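Quantities reported herein were computed from a predicted structural model and do not represent experimental measurements.
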Amino acid sequence: MVTKKTAAVSVIIPGYNCEHTIEQAVESVLQQTWTDYELILVDDGSTDSTGILLEQMKETDPRIHVLHNQNNFGVSYSRNRGVDAAGADWIAFLDSDDLWKPEKLEKQIKIQRERNADIVYTGYDYMDAEGNPIDSVFHVPQELTYEQLLKQNVMSCSGILLKKQLLQEYRMEKDEVHEDFLEWLRLLRSGACATGIDEPLHTLRIAQKESKSGNKLKSARMTYHTYQELDLSGLQILYYMGCYICRSLRKYGNLKSG
């Protein structure tokens, strides 16, 4: 499916076995104060009722399109497929278990036009696995360089608005590392201009498994391999891993205390 250019923004939600959260995610898009968008839902070979739910939601709004992967190909493949099908010049991603605040797109588009940015990212808050709010906010800087981003990934995939052309030039890949972090780093290294809105305009769902030390160690390993994909030197990797660990401890410490 390749859609015609009938919207300003193409919103892409990939999902795999997300029957318990996908409807809330979609509803948060449908509640946007900015209405000039299309919504592309990509079912990544789900084995639960996700595919059925997406087809049902498609019937409720003409802006919704659904793609089905024959097998579970991963989030990078699914996002890329959504980008290929997108009819707009601007892309916004949303993970299937996260939520947007109603004014998210409207504020991003306003800031993009004011600052002529290639990428607009936002701050965010949190909820637990059951959707209960967590009293903590992740703040983001207004401007961000490649070197700054290397120290910590402050650009949440569910809070990104960026040019489709960038995603066509630099395809998402490497699900075995932090594929979104790798993508943002490559874009900034290529000269893309990123600007931030320090407001919690989307909400990340913190699953219980993410609080376990084993997954934190896994995340650290994935970050290490992300740096390797960028061909950083051993000393650079050591430095930026130190930055990553310190800032991650501060981030999750603030989340716990919040």
Side-chain angles (χ1 to χ4, degrees), residues 7-44 46 48-51 53-54 56-58 60-61 63-66 75 78-79 82 86 88 90-111 119-140 153-162 179-181 184 196-211 251-252 254-256 258:
V9 180
S10 293
V11 181
I12 299 170
I13 305 180
Y16 173 70
N17 287 353
C18 53
E19 61 184 3
H20 299 298
T21 61
I22 186 64
E23 290 179 284
Q24 287 181 298
V26 169
E27 185 60 29
S28 76
V29 176
L30 297 179
Q31 291 177 353
Q32 290 297 296
T33 55
W34 178 275
T35 59
D36 187 13
Y37 63 83
E38 63 173 356
L39 175 54
I40 301 173
L41 307 175
V42 185
D43 172 27
D44 190 22
S46 298
D48 64 0
S49 63
T50 296
L53 288 173
L54 298 190
Q56 291 173 346
M57 287 185 281
K58 182 178 70 173
T60 67
D61 195 303
R63 294 172 297 183
I64 298 177
H65 311 279
V66 177
V75 67
S78 297
R79 289 191 187 123
W90 289 89
I91 302 292
F93 293 117
L94 175 61
D95 287 347
S96 60
D97 56 350
D98 295 338
L99 303 175
W100 282 353
K101 303 298 174 60
E103 67 276 17
K104 188 257 188 190
L105 280 181
E106 182 176 2
K107 289 191 173 184
Q108 283 186 301
I109 291 166
K110 179 176 182 292
I111 290 297
I119 304 170
V120 183
Y121 55 94
T122 82
Y124 51 89
D125 53 20
Y126 305 87
M127 59 183 167
D128 64 21
E130 287 72 40
N132 301 307
I134 296 174
D135 186 18
S136 186
V137 173
F138 185 82
H139 294 279
V140 297
N153 184 12
V154 302
M155 296 166 61
S156 162
C157 196
S158 290
I160 286 286
L161 176 73
L162 72 167
E179 81 292 329
D180 56 341
F181 189 28
W184 316 147
I197 303 175
D198 190 21
E199 296 180 43
L201 294 179
H202 65 289
T203 301
L204 299 189
R205 190 183 303 267
I206 304 299
Q208 292 178 351
K209 64 181 180 180
E210 292 180 4
S211 65
K251 174 182 177 179
Y252 287 103
N254 292 338
L255 179 58
K256 184 177 181 181

**From CG (Asp98) to CD1 (Ile206), nearest 0.5 Å** = 8.0 Å

**Message:** Run the side chain to side chain contact (heavy atoms under 4.5 Å, CB included) test against Ser28 and tell me which residues pass, sequence neighbours left out.
**Reply:** Leu94, Leu99, Trp100

**Message:** Once rounded to the nearest 0.5 Å, what's the spacing between atom CG of Leu54 and atom CG of Leu41?
**Reply:** 5.0 Å

**Request:** Compare every heavy atom of Ser96 with every heavy atom of Thr21, then report the nearest pair and how far apart it is.
**Result:** OG1-O, 2.9 Å

**Request:** Could you tell me which residues satisfy salt bridge (charged side-chain N to carboxylate O under 4.0 Å, His left out) with Asp61, sequence neighbours excluded, listed by chain and number?
**Result:** Arg63

**Item:** Qualifying salt bridge (Lys or Arg N to Asp or Glu O under 4.0 Å) pairs, either residue in residues 100-109, two or more places apart
**Value:** Lys101-Asp125, Lys107-Glu199

**Complete:** Rounded to the nearest 0.5 Å, the CZ atom of Phe93 sits from the CG atom of Leu162 at a distance of 6.5 Å

**Which residues share a side chain to side chain contact (heavy atoms under 4.5 Å, CB included) with Lys110, sequence neighbours left out** = Glu114

**Complete:** Heavy atoms of Pro14 and Ser78 approach each other most closely as CB-CB, 3.7 Å

**Prompt:** Among Asp97, Asn17, Ile13, which residue meets the side chain to side chain contact (heavy atoms under 4.5 Å, CB included) test with Ile22?
**Reply:** Ile13

**Fill in**
Separation between OH (Tyr37) and CG (Leu105), nearest 0.5 Å, reads 8.0 Å

**Request:** Take Ile160 and Ile119 through the test side chain to side chain contact (heavy atoms under 4.5 Å, CB included) and record every step on the way to the result.
**Result:** CA-CA 7 Å; Ile160 286 286; Ile119 304 170; 3.9 Å; yes

**Prompt:** Can you name the side-chain hydrogen bond (donor to acceptor under 3.5 Å, both in side chains) partners of Gln31, sequence neighbours left out?
**Reply:** Glu27

**Complete:** The side chain to side chain contact (heavy atoms under 4.5 Å, CB included) partners of His139 (sequence neighbours excluded) come to Val137, Asp198

**Item:** Any residue meeting side-chain hydrogen bond (donor to acceptor under 3.5 Å, both in side chains) with Asp48, in chain and number order, not counting sequence neighbours
**Value:** Thr50

**Request:** Enumerate the residue pairs fulfilling salt bridge (Lys or Arg N to Asp or Glu O under 4.0 Å) with a member in residues 10-25, sequence neighbours excluded, ordered by first and then second residue.
**Result:** none

**Request:** State which residues pass side-chain hydrogen bond (donor to acceptor under 3.5 Å, both in side chains) with Gln32; sequence neighbours excluded, sorted by chain then number.
**Result:** none

**Request:** State which residues pass ring-ring contact (aromatic ring centres under 6.0 Å, His included) with Tyr124; sequence neighbours excluded, sorted by chain then number.
**Result:** Tyr126, Phe138, His202

**Message:** Between Asp180 and Asn153, is the side chain to side chain contact (heavy atoms under 4.5 Å, CB included) condition met? List the steps.
**Reply:** CA-CA 9 Å; Asp180 56 341; Asn153 184 12; 4.1 Å; yes

**Message:** I'd like to know if the side chain of Ser158 reaches the main chain of Asp95, judged simply by a donor and an acceptor atom lying under 3.5 Å from each other, with no hydrogens or angles considered.
**Reply:** yes

**Message:** Distance check, rounded to the nearest 0.5 Å: Gln108 atom CD versus Trp90 atom CH2?
**Reply:** 10.0 Å

**Complete:** side-chain hydrogen bond (donor to acceptor under 3.5 Å, both in side chains) filter on Asp43, not counting sequence neighbours, yields Ser46, His68

**Asked** Got a second to check how far Ile91's CD1 is from Ile12's CD1, nearest 0.5 Å?
**Response** 4.0 Å

